[in-house]
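Just follow the structure's listing: the first ligand is 1, and inside any ligand the first atom is 1. Everything quoted here is computed from the prediction, not taken from an experiment.
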Amino acid sequence: MIIVMKPDASKKDIENVLKTIKDRKLRPHISKGKERMIIGAIGDERNLANVPLTTFAGVEKVLPILSPYKVVSREFRKEDTLIRVGGVTIGGRRIVVMAGPCSIEGREMLMQIGRDVKSSGASVLRGGAYKPRTSPYSFQGMGKEGLEILRAAKRALRMPVVTEIMDTRDIGLMTDYTDIFQVGARNMQNFALLKELGSTNRPILLKRGLSATIKELLMSAEYIASKGNDRIILCERGIRTFETETRNTLDLNAIPVLKKLTHLPVIVDPSHGTGRRDIVATMSLAAVAAGADGIIVEVHQQPEKALSDGEQSLRPDEFKRMVRDIGRVAKAIGRTI
Ligand code: PEP
Ligand code: MN
């Protein structure tokens with residue numbers, strides 16, 4: 001439930017509400033609005049059933065949250081959540097472009113792609129060091145060495161970076177290397193991982209599962225947020241359908257639907273969403289037109305030689321043109337790049 005405090009609620013009034021929530025084994029979640037403080041009581045609400053919170057000093061009203069996800073719902077917070085990371089704001093008027101290779105393959109390779117995508121307008125560098133491959137015999141990523149390379153690129157290029165985490169045991173290590181933890185589609189319902197990441201204060205890029213509904217994506221976000229970390233970026237990356245012309249079916253419906261249901265930023269991955277270089281740019285423009293707050297795209301100097309996902313990776317010149325066109329679409333809908 002949400003407890004809306006009066007604009008003139010005192011510190012003591014607020015502390016009293018927080019203590020009551022904690023005493024009943026729920027977790028308070030504080031959200032400071034422009035005029036008043038809003039306190040969410042997260043957990044088993046039955047524990048508060050007999051507590052007359054509406055009569056407490058400083059309390060204006062108590063509202064139930066009807067959706068199964070609480071902290072991440074629009075009911076809980078009306079304003080869009082802005083996530084600031086390394087000088088970049090995700091979720092605001094500016095469309096954020098994240099780009100880089102599917103896998104980090106070497107130092108020079110990442111530096112070169114990083115330089116290219118930055119000069120074309122990307123503000124976050126992506127690159128996988130631990131890769132969730134369908135086959136155990138496929139390239140699994142460079143691991144810690146890849147993380148070292150990623151950090152070197154981040155420092156040299158002064159760009160925040162995002163990379164995938166697959167195992168709770170890697171959280172401590174990866175905290176030293178990444179600005180944003182990516183939870184891949186295959187781990188969207190790895191609840192142990194989500195809970196651990198919820199106890200960190202790093203932004204999480206949560207990708208939609210291969211066959212996950214929008215509600216399931218939001219419930220996974222709630223797992224993270226319910227532990228205290230609400231710096232979550234949702235990512236539509238295509239879902240499995242009967243269609244075989246594309247790797248996945250990019251669910252553009254998910255963008256406006258998510259924007260209604262949640263205050264969290266929503267970005268789109270047209271690389272995995274299509275699996276096809278020839279339509280990545282078109283679908284990026286469509287995603288921005290549909291209200292996405294950003295895109296995450298795979299770029300490679302020589303896609304035919306890439307160790308993973310070459311067929312969907314853009315060449316640097318294709319990426320550059322795409323970003324220019326995204327700028328045009330952004331302008332048409334009152335946003336910038
Ligand atoms: C990736 O970003 O390279 C990746 C594996 O993405 P997804 O989890 O969406 O398949
Ligand atoms: Mn990939």
Side-chain angles (χ1 to χ4, degrees), residues 96-105 109-110 113 117 122 124-136 138-143 146-147 150 161-167 170 174 178-190 193-194 197 203-214 216-217 220-221 224 232-241 246-252 254-255 258 266-277 279-280 283-284 287 292 294-315 319:
V96 173
V97 178
M98 307 183 184
C102 176
S103 300
I104 298 160
E105 298 173 12
M109 173 263 193
L110 187 67
I113 296 178
V117 298
V124 177
L125 179 64
R126 67 149 285 154
Y130 298 96
K131 297 303 300 178
R133 305 305 301 280
T134 302
S135 165
S138 300
F139 176 59
Q140 301 287 307
M142 290 181 77
L147 293 179
L150 186 65
V161 296
V162 56
T163 194
E164 178 162 356
I165 178 145
M166 298 207 295
D167 193 319
D170 294 332
M174 288 179 73
T178 192
D179 299 288
I180 304 172
F181 283 118
Q182 174 174 325
V183 175
R186 290 154 195 80
N187 272 314
M188 189 202 84
Q189 287 188 318
N190 180 341
L193 182 61
L194 301 180
L197 290 171
I204 312 293
L205 171 52
L206 179 64
K207 298 186 97 178
R208 182 177 179 182
L210 279 71
S211 301
T213 63
I214 291 172
E216 285 163 343
L217 172 62
S220 289
I224 302 169
I232 306 163
I233 305 149
L234 301 173
C235 180
E236 162 59 39
R237 48 77 72 202
I239 48 174
R240 283 245 165 118
T241 67
T246 50
R247 179 177 176 181
N248 290 296
T249 296
L250 186 64
D251 181 14
L252 290 176
I255 307 164
L258 282 167
V266 178
I267 69 165
V268 168
D269 174 347
S271 306
H272 296 86
T274 64
R276 288 175 46 168
R277 179 182 318 116
I279 60 170
V280 164
M283 297 315 288
S284 291
I295 53 159
I296 179 162
V297 190
E298 290 180 342
V299 178
H300 199 285
Q301 234 90 28
Q302 289 175 291
E304 53 294 335
K305 294 208 175 132
L307 297 181
S308 60
D309 287 350
E311 59 292 343
Q312 66 194 33
S313 299
L314 295 181
R315 295 187 181 85
F319 174 74

- prompt: At a 4.0 Å threshold, what atoms of ligand 1 neighbour a non-hydrogen atom of Arg186?
  reply: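 This gives 7 (P), 8 (O), 10 (O) as the contact atoms.
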
query: Can you list the atoms of ligand 1 that are under 4.0 Å from a heavy atom of Gly184?
result: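 Counting atoms of ligand 1 from 1, those under 4.0 Å from Gly184 are 8 (O).
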
Atom name of the N, O or S atom in Asp309 that lies nearest to the Mn ion (ligand 2):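 For Asp309, the N, O or S atom at the smallest distance from the Mn ion (ligand 2) is OD2.
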
- request: Could you pull out the atom name of the N/O/S atom in Glu298 that is nearest the Mn ion (ligand 2)?
  value: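 The nearest such atom is OE2.
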
For [atom], what's the nearest protein heavy atom and its distance?
atom: atom 8 (O) of ligand 1; answer: Ala185 N, 2.7 Å
atom: atom 6 (O) of ligand 1; answer: Lys207 NZ, 2.9 Å
atom: atom 4 (C) of ligand 1; answer: His272 NE2, 3.4 Å
atom: atom 2 (O) of ligand 1; answer: Arg126 NH1, 2.8 Å
atom: atom 9 (O) of ligand 1; answer: Arg237 NE, 2.7 Å
atom: atom 3 (O) of ligand 1; answer: Lys131 NZ, 2.9 Å

- prompt: For Leu194, does its backbone N or O pair with a side-chain atom of Ser220 as donor and acceptor, under 3.5 Å?
  reply: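 Checked: no pair found.
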
Between [X] and [Y], do the side chains contain an N or O donor and an N or O acceptor separated by less than 3.5 Å?
X: His272; Y: Asp309; answer: yes
X: Gln312; Y: Arg247; answer: yes
X: Ser103; Y: Ser308; answer: yes

Arg240, CZ atom: more than 12 neighbouring heavy atoms under 6.0 Å: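 Count not over threshold, so no.
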
field: Heavy atom of Cys102, distance to ligand 1 below 4.0 Å
entry: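 For ligand 1, residue contact (heavy atoms, under 4.0 Å) with Cys102 is present.
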
Min heavy-atom dist Gln182 to ligand 1 below 4.0 Å: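 Heavy atoms of Gln182 do come under 4.0 Å of ligand 1.
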
- prompt: Salt bridge between Glu298 and Arg277, side-chain N to carboxylate O under 4.0 Å?
  reply: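 No, Glu298 and Arg277 are not salt-bridged.
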
- prompt: Pick from Asn248, Thr246, Thr249: which one makes a side-chain hydrogen bond (donor to acceptor under 3.5 Å, both in side chains) with Thr241?
  reply: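 Testing Thr241 for a side-chain hydrogen bond (donor to acceptor under 3.5 Å, both in side chains) against Asn248, Thr246, Thr249 leaves exactly one candidate, Thr249.
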
task: Apply the test salt bridge (charged side-chain N to carboxylate O under 4.0 Å, His left out) to residues Glu304 and Arg315: give CA-CA distance (whole Å), side-chain angles for both, the deciding distance (0.1 Å), then the verdict.
output: CA-CA 10 Å; Glu304 53 294 335; Arg315 295 187 181 85; 3.6 Å; yes

